[in-house]
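For reference, the structure discussed in these notes is given below.
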Amino acid sequence: MLRSRSLLPAPGRTGTRIQTRLQLAQRIAGITAVVILSTGLAACSPTVSLEPGPEATATACADVIVRLPDTLDGADKRETNAQGTAAWGDPSSVLLVCGVTQRAPTTDRCIAIGDGASEVDWVEDDSKAPVYSYISYNRAPAVEVTIDSTKSSGTDVLTDLSDVVSILALDHPCVGAEDAELVPSTPAP
């Protein structure tokens, strides 16, 4: 035989126990809805897994990260799993890591982007073309930007990011052979 229980309080009781059970049921239903919703949203755009740079915790990196644009060359910014990092596009077309090791002087191609105080020099690594990596030169801390050129314009991305990266301290800019001072040769005695 089935028995049913009444949800009404027994005569002379306040109904507090029933109200507590209803509140608990409502909270559980609310928590369940939030978990389901957040799981569904996470499935749309998973977190991008990146390795932080050795100086990712520097205050200057935090200053850069909070100034980054929400969209870059038409790609929306995504969440990353590491401090001092950012990503745009789904799948990712641009990755940024702040706090990477600064480049030593090099003969690799150096590109100056921006004007005046917002000019940033970027050393290009084309060894994995059409994916290019650029490291800011003599900015402390250094910033690395990796761009899939089949999905994003390197010039547009670096132009937008140079405005942000230019807040980092500049030691000295890139120089080329045309900047070198030639010492006149003197005949040996």
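Excluded from the calculations below are hydrogen atoms, water molecules and symmetry mates; all remaining heavy atoms, backbone and side chain alike, are included.
Val48 belongs to a hydrophobic cluster whose other members, connected by ILVMFWY side-chain contacts under 4.5 Å either directly or through intermediates, are Leu50, Leu95. Hydrophobic clustering, defined by side-chain heavy atoms of Ile, Leu, Val, Met, Phe, Trp and Tyr closer than 4.5 Å, groups Ile135 together with Val97, Val100. Here Ile111 sits in one hydrophobic cluster together with Val64, Ile65, Leu68, Leu72, Trp88, Val94, Leu96, Ile113, Val120, Trp122, Tyr132, Tyr134, Val143, Val145, Ile147, Val157, Leu158, Leu161, Val164, Val165, Ile167, Leu168; the rule is ILVMFWY side chains under 4.5 Å apart, joined directly or through other members. Val131 belongs to no hydrophobic cluster, as no Ile, Leu, Val, Met, Phe, Trp or Tyr side chain comes under 4.5 Å of its own.
Scanning for side-chain contact (heavy atoms from CB on, under 4.5 Å) contacts around Asp163 gives Ser118, with sequence neighbours left out. Residues that satisfy the salt bridge (charged side-chain N to carboxylate O under 4.0 Å, His left out) test with Arg109, not counting sequence neighbours, are Glu124. Residues passing the side-chain contact (heavy atoms from CB on, under 4.5 Å) test with Ser49 are Asn81, sequence neighbours excluded. For the side-chain contact (heavy atoms from CB on, under 4.5 Å) test, residues two or more places apart in sequence or in another chain that qualify with Ala140 are Gln102. Residues satisfying the side-chain contact (heavy atoms from CB on, under 4.5 Å) test with Ser127, not counting sequence neighbours, are Asp125. Partners of Asp160 by salt bridge (charged side-chain N to carboxylate O under 4.0 Å, His left out), not counting sequence neighbours: none found.
Taking 4.5 Å as the limit, some side-chain heavy atom of Pro46 sits within range of a side-chain heavy atom of Arg78. Counting heavy atoms from C-beta on, the side chains of Arg139 and Leu170 come closer than 4.5 Å.
The two residues Ser133 and Thr146 have their closest heavy-atom pair at OG-OG1, 3.3 Å. The two residues Thr155 and Thr159 make their nearest non-hydrogen contact at O-OG1, 2.7 Å. Annotation for Ser153 and Asp73: closest pair N-OD2, 2.8 Å, computed over non-hydrogen atoms. Here the closest non-hydrogen pair linking Asp121 and Cys110 is CB-SG, 3.7 Å.
Thr85 contributes no side-chain N or O that, together with a main-chain N or O of Pro52, makes up a donor-acceptor pair within less than 3.5 Å.
Here Ser136 contributes atom OG and Glu144 contributes atom CD; the two are 9.5 Å apart, rounded to the nearest 0.5 Å.
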Solution key, residues 55-63 side-chain donor-acceptor pairs under 3.5 Å, sequence neighbours excluded:
none

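The salt bridge (charged side-chain N to carboxylate O under 4.0 Å, His left out) analysis of residues 94-103, with sequence neighbours excluded, yields the pairs Arg103-Asp108.
More than 12 heavy atoms of other shown residues, nucleotides or ligands fall within 6.0 angstrom of atom CD in Glu119.
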